[in-house]
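A short worksheet on the structure shown next.
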Amino acid sequence: MENDAADVAIIGAGIVGIAAAAHLAEAGFRVVVFDRSGVCEETSSGNAAAFAFSDVLPLAHKGMIAQVPKWLADPLGPLSIPPGYFPKLLPWLYRFWRAGAADKYEGALTAQAGLMKLAEAAWAGLMARSGTGDMLREDGALELYESEAEFQAALPGWAARDRFGIDYTHLGRHELPDFQPGLSERFVRGTFVPGWKTVADPRLLGKAVWRYAEELGALFVQGNAVRVEANDMGAVVHLSDGSVHRAGKLIIAAGAWSHLLARRFGDRIPLETERGYNTTLPVGAFDVKRQLIFPGHGFVITPLSTGLRVGGAVELGGLRRSPNFARSRAMLEKAQQFLPGLDAAGGREWMGYRPSLPDSLPVIGRAKGRRNVFYAFGHGHLGLTQSAATGALVRNLLLGQLPAIDLSPFSAQRF
């Protein structure tokens with residue numbers, strides 16, 4: 001069965017796809033979005049809810065490589081690689097290691113900072129137009145350190161942020177209770193980032209932005225895209241139910257599955273899946289004032305309108321393995337140590353797939369040799385943060401406008 005052609009087909013109804021749909025619908029395009037589950041029902045539903053505009057350092061430059069041996073020694077620590085998956089992961093790990101080289105630092109940092117600056121402005125505009133501004137929380141974030149050595153190791157990263165005008169304040173032990181009462185005495189230093197923002201609930205925000213796009217004429221079709229095609233005449237999306245949908249242009253924003261579709265157009269993109277875990281506790285589990293970040297343990301605690309979310313960590317394990325919820329329980333146990341008095345009862349466990357590239361930069365741009373196929377994926381931990389900017393950039397490309405930033409660092413062909 002064939003359906004009438006739309007101007008633009010978007011595969012993926014996560015926050016990136018939804019933001020792109022909103023921007024394109026605003027520009028007058030007839031947009032249809034395809035997703036196997038629903039609007040913001042998968043990875044975009046369970047993230048840490050942060051607008052991390054100050055998080056400009058690529059992962060390879062955060063001291064993560066130096067931490068890898070220690071973290072891997074703990075199967076429930078911040079980073080885990082199932083032994084059976086390690087051989088398949090080696091090429092990605094090599095690229096990740098190379099991304100941390102000094103000669104690549106400046107380009108990656110500048111590109112990420114430019115995208116972040118655009119992201120903050122793009123979200124401010126989209127929230128104003130979609131009437132979702134009341135879902136924004138501007139309480140900042142508190143990064144916490146358990147030793148003076150850990151704090152000193154973080155200082156070069158904060159110094160790098162100075163170049164981009166990112167505001168922060170380093171705190172001593174005696175100042176920490178002013179920013180978060182009830183913390184464990186184990187924390188000796190902290191850094192407060194006033195420009196860090198969170199949202200009331202990422203799933204609810206995504207659905208609210210979608211309602212805005214829908215009011216502008218965007219359509220949603222639930223279905224699993226099993227094959228995509230494109231030529232100069234347009235694009236074709238084949239769903240698993242046998243239906244065929246045509247569009248003038250195609251955007252692939254399918255998160256951790258995107259690289260599988262990109263292969264159809266000759267782009268072999270080294271996208272890996274960071275499986276993230278969390279537990280969302282009931283409202284009232286602890287009076288957390290703002291997002292708390294524990295860099296030495298790879299997780300955060302975020303107060304939401306719908307509960308208290310304890311989550312993060314990285315498990316590089318692909319798309320097919322069953323969840324290992326012992327990881328979410330390990331973070332919850334640490335959270336009880338860090339916040340004595342935390343009520344850990346009644347939590348909902350969750351696992352999602354972060355689409356991550358070795359240089360921590362997403363893919364935003366055209367497919368190889370296709371003028372009507374566009375990519376918008378691979379944002380890793382920053383999908384929510386960078387989604388509105390990505391949507392605006394994709395709109396620029398479809399309209400033939402000069403993008404607000406240089407897109408060459410985000411090209412699919414950079415690999």
Side-chain angles (χ1 to χ4, degrees), residues 15-17 19-20 23 51-62 64-65 91-123 157 160-166 251-256 258-259 262 265-272 274 354-371 373-415:
I15 191 61
V16 174
H23 279 93
F51 281 164
F53 302 125
S54 63
D55 196 4
V56 297
L57 293 182
L59 282 178
H61 302 289
K62 287 185 177 180
M64 184 174 177
I65 292 175
W92 189 93
L93 289 173
Y94 175 75
R95 289 178 181 270
F96 180 77
W97 173 72
R98 285 291 302 133
D103 62 331
K104 298 182 182 299
Y105 173 76
E106 191 63 35
L109 178 63
T110 301
Q112 194 74 287
L115 183 56
M116 287 299 196
K117 184 176 180 180
L118 179 63
E120 187 164 13
W123 259 120
R161 293 171 173 90
D162 288 337
R163 296 168 46 195
F164 303 101
I166 295 168
I251 298 170
I252 296 176
S258 298
H259 62 306
F265 306 113
D267 286 307
R268 300 192 69 84
I269 299 170
L271 185 147
E272 189 48 64
E274 291 185 40
R354 306 185 192 103
S356 297
L357 292 160
D359 58 4
S360 299
L361 300 177
V363 169
I364 306 171
R366 281 187 170 85
K368 181 191 296 183
R370 298 293 197 284
R371 61 181 182 83
V373 178
F374 303 84
Y375 299 144
F377 61 83
H379 298 77
H381 297 248
L382 299 169
L384 175 63
T385 302
Q386 297 177 340
S387 54
T390 301
L393 291 166
V394 168
R395 177 201 59 203
N396 292 153
L397 292 173
L398 267 67
L399 289 172
Q401 299 173 342
L402 184 68
I405 60 174
D406 176 17
L407 288 183
S408 58
F410 308 100
S411 168
Q413 291 77 49
R414 71 185 188 266
F415 302 106

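Side-chain atoms are counted along with the backbone in the values below, which use heavy atoms only and exclude waters and symmetry mates. What you see is a predicted model, and the numbers here were worked out from it, not measured in a lab.
Residues passing the ring-ring contact (aromatic ring centres under 6.0 Å, His included) test with Phe415, sequence neighbours excluded: none.
Looking at heavy atoms from C-beta onward, Leu118 lies in side-chain contact with Leu393 at the 4.5 angstrom threshold. The shortest side-chain heavy-atom distance between Pro358 and Pro270 falls under the 4.5 Å cut-off. The closest side-chain heavy-atom distance from Gln112 to Leu57 is not below 4.5 Å. Between Leu59 and Glu274 the shortest side-chain heavy-atom distance falls below 4.5 Å. With contacts defined as side-chain heavy-atom distances shorter than 4.5 Å, the pair Ser387/Trp123 qualifies. Counting heavy atoms from C-beta on, the side chains of Ile405 and Phe410 come closer than 4.5 Å.
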Under 3.5 Å, sequence neighbours excluded: what are the donor-acceptor pairs made by side chains of residues 362-370?
unit_1 : atom_1 : unit_2 : atom_2 : d
Arg366 : NE     : Arg371 : O      : 3.3
Lys368 : NZ     : Gly266 : O      : 3.0
Arg370 : NE     : Ala230 : O      : 3.3

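Atom NE2 of His23 sits about 11.0 Å away from atom CG of Leu399, to the nearest 0.5 Å. Residue Ile252 holds its CD1 atom at 5.0 Å from CZ of Phe265, rounded to the nearest 0.5 Å. Between Glu106 atom CD and Leu109 atom CG the span is 6.0 Å, to the nearest 0.5 Å. Atom CD1 of residue Ile269 and atom OG of residue Ser258 lie 8.0 Å apart, to the nearest 0.5 angstrom. Note: Arg161 CZ to Met116 CE = 9.5 Å, rounded to the nearest 0.5 Å. The distance from atom NE2 of His379 to atom CZ of Arg354, rounded to the nearest 0.5 Å, is 15.0 Å.
Sorted by first and then second residue, the pairs that involve residues 391-415 and meet side chain to side chain donor-acceptor pair (under 3.5 Å), not counting sequence neighbours, are Asp267-Gln413, Asp359-Arg414, Asn396-Gln401, Asp406-Ser408, Ser411-Gln413.
Annotation for Ser356 and Trp92: closest pair O-NE1, 3.4 Å, computed over non-hydrogen atoms. Residues Leu115 and Ala389 approach most closely at CD1-CB, 4.0 Å, considering heavy atoms. Of all the heavy atoms in Ala376 and Val16, the pair that sits closest is O-CG1, 3.5 Å. Of all non-hydrogen atoms in Ala111 and Pro409, the two that sit nearest each other are CB-CB, 3.7 Å. Between Ile166 and Ser54 the shortest heavy-atom distance is CG2-CB, 3.4 Å. Heavy atoms only, all atoms of each residue included: Pro58 and Val56 are closest at CD-O, 3.2 Å.
Between Phe51 and Phe53, the ring planes are tilted. Angles from 30° to 60° get that label.
In this structure a side-chain-to-backbone donor-acceptor pair under 3.5 Å is present from Thr385 to Ala52.
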